[in-house]
Amino acid sequence: MKNTVLDKLYKYRYVILFVLLYTIFYFVPYTADDLRWGSFYGERRMQRHFYNYGGRYLGYMLSLALTRSVVLKSVFMSAVTAGMVCYVEKISRQKCAFYITLILIAVSAPVMLRQSVAWLSGFVNYTVSVLLALIFIDYIYKVFRGEETKDTKSGIALFAVLGFASALLVEHFTLYCAVIAAGLMIYVKAKKQKIQIKNFTYLAGVLAGAVLMFSNSAYIKIFSGKDFYRKTINEDIDRASESARMTINLIRYGFLENVWFCLIMLAVIIILFAGMINFFKKSEKNICIVAITVSGIIYIFNAAVFMTSEGLSLLPQGVIVAEGITAAAFTWIVIIMLAKKADRLWESLFCLLSIAALSLPFLFIHPFTTRCLFGEYMIYVLQTCLLTDMLPQKWKDKVNGSFARALYTVVLLTAFVFYLTTYISVNNADKARLTDIKNAYEKGVRTLQIQHLPDETFVHKITPDSEHYQIKGYKDFYNLPEDLVIKGNP
């Protein structure tokens with residue numbers, strides 16, 4: 001009976017997932033930039049064709065549209081998230097990938113999750129770009145696996161649109177998509193002495209989108225050092241210290257602070273190593289055991305530190321760098337060795353090079369925020385799921401079996417209840433705060449300080465700080481009177 005129920009749930013998993021995600025996203029409030037996109041600021045930016053603002057045109061238009069309707073926002077965010085999970089499962093070819101991907105998203109560091117998934121303005125750029133990239137990565141894996149890829153007229157046109165759209169979200173993904181498309185074209189040309197039309201039209205779409213993106217005057221200001229926010233590491237900045245700081249942030253926020261992911265990935269690696277141990281020579285076994293042990297100690301230590309009130313801030317920066325480099329190096333040594341034994345080395349190398357390619361731009365452009373690292377995180381998630389496809393069959397049966405799926409379901413339902421109750425609480429508190437502000441104004445109050453809300457850990461800047469544009473966006477979005485003076489709360 002249990003098998004039948006689980007099989008039915010799995011069959012309709014994306015319908016169930018969409019409904020559950022919609023329920024959560026419906027209660028995720030508009031915050032920070034959302035308020036400005038949904039107010040006169042957004043309309044003014046569009047009227048000026050985003051002059052001096054940036055070239056993320058698709059993301060901007062999505063923000064303008066989705067801040068007008070909570071229902072439309074919830075449908076869109078649910079569909080994109082489900083699509084992202086679908087393509088990770090499709091590429092890794094394992095049932096458990098559906099559950100593992102969702103679990104790893106749910107347990108990702110709150111500082112990254114709230115900026116890239118639980119915030120509309122971050123979502124339309126940093127999560128949508130992941131989905132569009134995964135669609136083309138699926139095509140790349142089909143080519144490398146020798147699966148048939150037909151160049152139909154509709155497919156060719158769709159790939160051109162896909163490439164164009166992929167280039168109009170975030171800059172590092174624009175560059176990444178161009179690199180992987182060009183790399184695939186060179187590979188196919190060298191191996192098969194031909195050019196696949198889909199690949200060509202995708203690359204053409206990416207390049208056209210890149211031209212449109214970087215023709216925006218904002219990038220001239222950035223590279224000339226005149227932009228007030230975004231800057232390159234140039235002569236006016238201490239290159240060594242700034243590069244060091246960026247490297248520390250990449251290691252900390254893009255890797256070590258995702259403590260649960262590190263532990264889950266370690267568990268998958270241990271299971272895979274245990275299932276393949278007889279294929280290794282004694283020296284290779286010893287290397288894997290040492291690497292797993294060292295990285296495991298670091299991950300467990302970081303998890304313990306992360307649970308303290310100050311988190312990884314307790315650790316000196318030098319320790320964070322040493323830990324991150326050591327753990328990442330040893331982890332990838334084991335992954336590469338396992339992938340090589342499974343004759344899947346190219347899959348892991350692709351993920352490793354993808355993470356490097358997506359991270360590299362942030363060593364030269366600053367500042368970057370944790371939402372910028374969501375793409376790298378999802379490539380790590382993809383790599384973790386790909387490892388499950390390398391397991392011997394008896395181990396695949398276990399991680400995809402009814403008991404494992406029941407366990408995954410319990411974890412995900414727990415996460416669903418947690419996030420749903422959290423966002424309902426935040427949403428209700430946000431509405432109550434707005435009601436209190438309006439009531440205070442009706443009683444004659446003309447100056448007040450906005451108060452923080454509970455559970456702000458899981459939302460991005462829901463309380464405006466002292467910046468004038470944040471206060472103005474908040475007042476305009478909620479149609480508050482012009483003579484009401486609101487003091488921000490950093």
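Here the structure is a predicted model, which means the values were calculated and not measured. For reference, positions follow the sequence shown, starting with 1.
- Counting only distance, with no hydrogens or angles, the side chain of Ser69 and the backbone of Leu66 share no donor-acceptor pair below 3.5 Å.
- With sequence neighbours excluded, the residues satisfying side chain to side chain contact (heavy atoms under 4.5 Å, CB included) with Ser78 are Phe18, Leu21, Tyr22, Phe25.
- The ring-ring contact (aromatic ring centres under 6.0 Å, His included) search around Trp37 returns Tyr53, Tyr60, not counting sequence neighbours.
- Of the candidates His460, Arg114, Gln115, Thr370 forms a side-chain hydrogen bond (donor to acceptor under 3.5 Å, both in side chains) with just one, namely Gln115.
- Inter-residue side-chain proximity for Leu386 and Gln383 is flagged as met; some heavy-atom pair is nearer than 4.5 Å.
- Within a 6.0 Å sphere centred on OH of Tyr51, other residues, nucleotides and ligands contribute 12 heavy atoms or fewer.
- Taking a cutoff of 4.0 Å between a charged side-chain nitrogen and a carboxylate oxygen, Lys95 and Glu89 do not qualify as a salt bridge.
- Applying the ring-ring contact (aromatic ring centres under 6.0 Å, His included) test to Tyr419 and every residue at least two apart in sequence or in another chain returns nothing.
- Side-chain N or O atoms of Tyr408 include one that pairs as donor or acceptor with a backbone N or O of Val399 at under 3.5 Å.
- Checked by atom type, the side-chain pair Ser108/Asn258 shows no donor-acceptor distance below 3.5 Å.
- If you check the side chains of Tyr441 and Asp483, you find a donor sitting under 3.5 Å from an acceptor.
- More than 12 non-hydrogen atoms from other residues, nucleotides or ligands lie less than 6.0 angstrom from CZ of Arg446.
- A salt bridge links Glu43 with Arg68: the closest approach of a Lys/Arg side-chain nitrogen to an acidic carboxylate oxygen falls below 4.0 angstrom.
- A donor and an acceptor atom, one from each side chain of Thr463 and Glu456, are located under 3.5 Å apart.
- Of the possible donor and acceptor atoms, one in the side chain of Tyr423 sits under 3.5 Å from a partner among the backbone N and O of Phe458.
- With respect to Arg433 and Asp430, a salt bridge is recorded, a charged nitrogen being found less than 4.0 Å from a carboxylate O.
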